[in-house]
Every structure is written in C-alpha cells, then in structure tokens.
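Just below is one structure, and these are the notes that go with it.
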Amino acid sequence: MTTRSPAPGPATAAVTVTWAGANARRLARQHLHPDAAATASPFAAPGDAAAAMLGAHAQVLSAAELSVGLRGDGLTRTDVRTALWTDRTLVKTFGPRGTVHLLPAADLPLWTGALSAVPAGPNPFPENARMTPDQVEEVVAAVGHALTGAELTIDELSDEVVARTGPWAGDLVMPGFQAMWPRWRQVLHLAGHRGALAYAPNRGRKATYTNPGCTPLPGAGALPALIGRYLYAYAAPKRWAAEQFAAQAASGAIEEVAFGEDGPAWVVAGDTDVPDAPVRGVRLLPYFDAFAIASAPRERLFPGAAWERALGGGQAGNFPVLLVDGVVAGVWHQRRSGRRIAVTVEPLKPLSGARLRDLEEQVGRVAAIMEGTAELTVGPVTVGPHA
C-alpha cells in the first residue's frame, strides 16, 4: 500500500497511484472489500487473519476478536480464543507503540526482532523514576526468568522482579491508575518487545503473564522484512523510519510512486497494481481496528463530518466505524445481554435501501462472529461531535 513518503525521493516517480485505488487494495488485501470478487480466498485461521493486518489491536479483547473474525472465513470469537490460549497460534503481547496486540505466533521472532531494534526515544519519566541502562537489562532478564514455565499476575511478577534485582526496582515512583506503581513497570512493554513476556489466560479477572519462549530475529534482517509486510498491507511510517526506507530503496526492495495529489509514497518493488473500480458497499469495523488506524492519509478515510464524529479529537480507534464505499460514513455501538446484541448504527447521511440491506448483512456477520443474535437499529443521522 502507499501513503505520504517519509523522506524526499526522486523528482519523478514511474507509477502514479490514486488514493481510491490504494484504499481499494488495502481493503481487498485485508479481506474487508465489500466485493468478494476483489478478494482472494478468505483466511481460514485466526493467525493468518492477524498477519494480514500486521496484528490486531487488543486493548479491548472483544474488539480484537471481531477484527480477526471479520477477515476470516466463518471465524468466531471462540476460534480466536482457542488460537490464543489453547493452540497458541496467536500471542497477546505488547506490539507497536507499546500497545497490546494479537500477533501470529509464527511471526513473533520477526516482530520482537524489529521492535527491539527500534530506538526507544526520549525518556518520558521524571528523573527520580528513571532506570539506568544496566538496570533496564537486569529487569528484562529478571522478567524473562521469572515467567519461564510460569503464569504470574502483575503483583506476583513484581515480587519476583524485586527479589531478583533489588529493592530499587520496587520503589513506588510510577504514576498508575489512581496509585503509584513500582519502578520496574516502566519496562513491562520492553520485556514484551524482547520476547521475554506475553499475556497468559486471565486468572479470574486478573491478567497473567508468561514467557513465550521467543528468540528475536536479528534486527538487521527483521526490520527490512517487516517494512515489506507493512507496505504490502498499508503504507510507509515516518521520522526514524525514513533512514530504513532510504536503505531499502537503495537495495531495490521498495520503490517510490506518485500518490496523486498527496505527494510521493513507497510500495514494495513491483507491487504497483491497484484496482480500477471504486469501492462500493458497507462494512462495520470495531474499536481500534487496524485498517481505520493505519490507513493514510487519514483525512481521506475520515472525510468531512467523519473527522469530527469518528476520530475523537484526531485519535483513530476510539469509535467503531461504519464504512460506506470504502470511507468512514458514521459510527456504531453495541450492547450485549446474554446472546442478544443490540446494534445501533449512526450514519452521517441517510442510507439508501440497498445500503440498509448491506448493513443488515453486516450486522448478521458481526453477530455470527460474536456468537449471538443481533437486533439492528439505525439511529438518527449524526453530524459533528456526538452529544
């Protein structure tokens, strides 16, 4: 896929890609295109579906289950949970930006290798809360050792880390949710990036962690491979990634294209085919769906009133979204009671009869994935921020 280039490129690109074409290709490659003929065979396994979107955002696990299910062939939330906790073909861990993701277990060495190689950036914590580089390494090693062959709650893990490092790791200097957390918690996500930590099944309402037994690939090989996969599915990131993209362009692994009026962009070398036909049809995407978060330019995917209503102050993912003809055209929400799922869709413009029939089919699919029975209500047309 394509987006604005992270760094200046050649004066003239050999290929021009329109946003409509790029958007249609993203939808097709993630098996979200409303026209089944535009998409290859649907994914039969949750891990394959997660791989297509480079991981499912899992801050809300039920939303991740729906994201994976929407890209599969008859997949349900039980299939996702089985893959996660029984078959272990999915892993719940800290992914890009330190946020929780579902990643294919087969890709975990690639992900941990690439994430470990990304510079950490400025330390955001106060001076009295920081750790030295040696302390960081000591804590990551302690986390990995404590979780090997074990499933521990955060409190149990904290006791183990402090016992293996020293009292300094347990100093309550980290602002948490209405409390102060021990110092070592600032590198919890880093332990995930190093392959030393992943989520295990909940113990009651408490999350637990384990060591997934992953050996990260060397960053020199993992980063180019991940860049290629990202471009195939989405677009090019910015800032530090510009150096990585320049190196990949020099090697011939990626190439620059003209992205319509949005300027230059990157694609995998030779991967320049895009659909000619515009996207037509309806899709429902849950909270934090990877397509809505990663597709760019964002103002194209959230045009007009959708920017105010569905972005929540510029942050994608805070609202489940209604896609009409490939762009955000409203929001939706659900309320579950037993097997009954009350789905309310709030479009930004009135929907035609054909679009309403498409919407009913989509609501039925959501219900099948979530193993319930849905009742659809089309709410009033909404414009501007939700009151």
Side-chain angles (χ1 to χ4, degrees), residues 55-61 64 84-85 88 90-103 105 107-216 219 222 288 317:
H57 292 253
Q59 294 98 317
V60 179
L61 185 56
L84 187 56
W85 307 126
R88 302 299 175 102
L90 281 179
V91 178
K92 181 182 176 184
T93 189
F94 294 95
R97 301 178 307 283
T99 55
V100 181
H101 279 65
L102 300 187
L103 301 174
D107 290 346
L108 195 58
L110 170 68
W111 273 104
T112 53
L115 291 171
S116 296
V118 175
N123 192 317
F125 301 110
E127 191 72 32
N128 70 324
R130 295 180 183 179
M131 297 162 56
T132 68
D134 287 344
Q135 287 175 330
V136 168
E137 296 304 319
E138 192 175 351
V139 167
V140 171
V143 168
H145 291 145
L147 292 176
T148 299
E151 296 179 356
L152 304 179
T153 67
I154 193 65
D155 292 333
E156 292 167 346
L157 178 57
S158 189
D159 290 342
E160 289 286 341
V161 169
V162 173
R164 292 166 185 266
T165 55
W168 56 267
D171 291 341
L172 300 178
V173 294
M174 292 287 300
F177 294 109
Q178 300 178 342
M180 297 299 286
W181 289 344
R183 186 189 307 274
W184 76 269
R185 286 279 297 271
Q186 63 191 269
V187 296
L188 185 70
H189 73 283
L190 180 60
H193 287 177
R194 298 279 187 86
L197 172 148
Y199 282 81
N202 280 8
R203 190 188 303 166
R205 293 189 175 184
K206 292 185 177 181
T208 69
Y209 303 90
T210 190
N211 187 330
C214 170
T215 300
F288 307 111

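Since the model is a prediction, treat every value here as computed from it, not as a measurement.
- Considering CG of N211 and CG of L152, their distance stands at 10.5 Å, rounded to 0.5 Å.
- The nearest pair of heavy atoms linking V161 to A169 is CG1-CB, 4.4 Å.
- Scanning all heavy atoms of the two residues, the minimum distance from H193 to L115 falls at CD2-CD1, 3.5 Å.
- How far CE of M131 is from OG1 of T165: 8.0 Å, rounded to the nearest 0.5 Å.
- Partners of P126 according to the side-chain contact (heavy atoms from CB on, under 4.5 Å) rule, which considers only residues two or more places apart in sequence or in another chain, are N128, A129.
- When the side-chain contact (heavy atoms from CB on, under 4.5 Å) test is applied to R97, the partners found at least two apart in sequence or on another chain are H57, T99, H101.
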(request) Take Y199 and F94 through the side chain to side chain contact (heavy atoms under 4.5 Å, CB included) test and state the conclusion after the steps. (result) CA-CA 9 Å; Y199 282 81; F94 294 95; 3.7 Å; yes
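- Shortest non-hydrogen contact noted between N202 and G204 is CB-O, 3.5 Å.
- Considering every non-hydrogen atom in both A114 and A222, the closest pair reads N-CB, 3.5 Å.
- Interatomic distance, Q135 CD to Q186 CD, rounded to the nearest 0.5 Å: 9.0 Å.
- The nearest pair of heavy atoms linking R88 to P201 is NH2-CD, 4.0 Å.
- Taking E160 as the reference, R164 meet the side-chain hydrogen bond (donor to acceptor under 3.5 Å, both in side chains) condition, with sequence neighbours excluded.
- With sequence neighbours excluded, the residues that form a side-chain contact (heavy atoms from CB on, under 4.5 Å) with T93 are V91, L103, L108, A198.
- Evaluation of the ring pair (Phe, Tyr, Trp, His ring centres under 6.0 Å) test over residues 125-169, restricted to residues two or more places apart or in two chains, returns none.
- To the nearest 0.5 Å, atom SG of residue C214 and atom CG of residue L110 are 9.5 Å apart.
- Rounded to the nearest 0.5 angstrom, M180 CE and L172 CG are separated by 7.5 Å.
- When atom types are taken as modelled, the side chain of R183 and the backbone of R130 share a donor-acceptor pair closer than 3.5 angstrom.
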(message) salt bridge (charged side-chain N to carboxylate O under 4.0 Å, His left out), that's the test. Do K206 and E156 meet it? Break it down for me.
(response) CA-CA 11 Å; K206 292 185 177 181; E156 292 167 346; over 6 Å; no
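- Evaluation of the side-chain contact (heavy atoms from CB on, under 4.5 Å) rule for I154 yields W184, R185, L188, Y209 as partners, not counting sequence neighbours.
- The two atoms that bring L157 and A146 nearest to each other are CD1-CB, 4.0 Å, heavy atoms only.
- At distances below 3.5 Å, not a single donor-acceptor pair connects side-chain atoms of R194 with backbone N or O atoms of E137.
- T153 places no side-chain N or O within donor-acceptor distance of the main-chain N or O of T208, the cut-off being under 3.5 Å.
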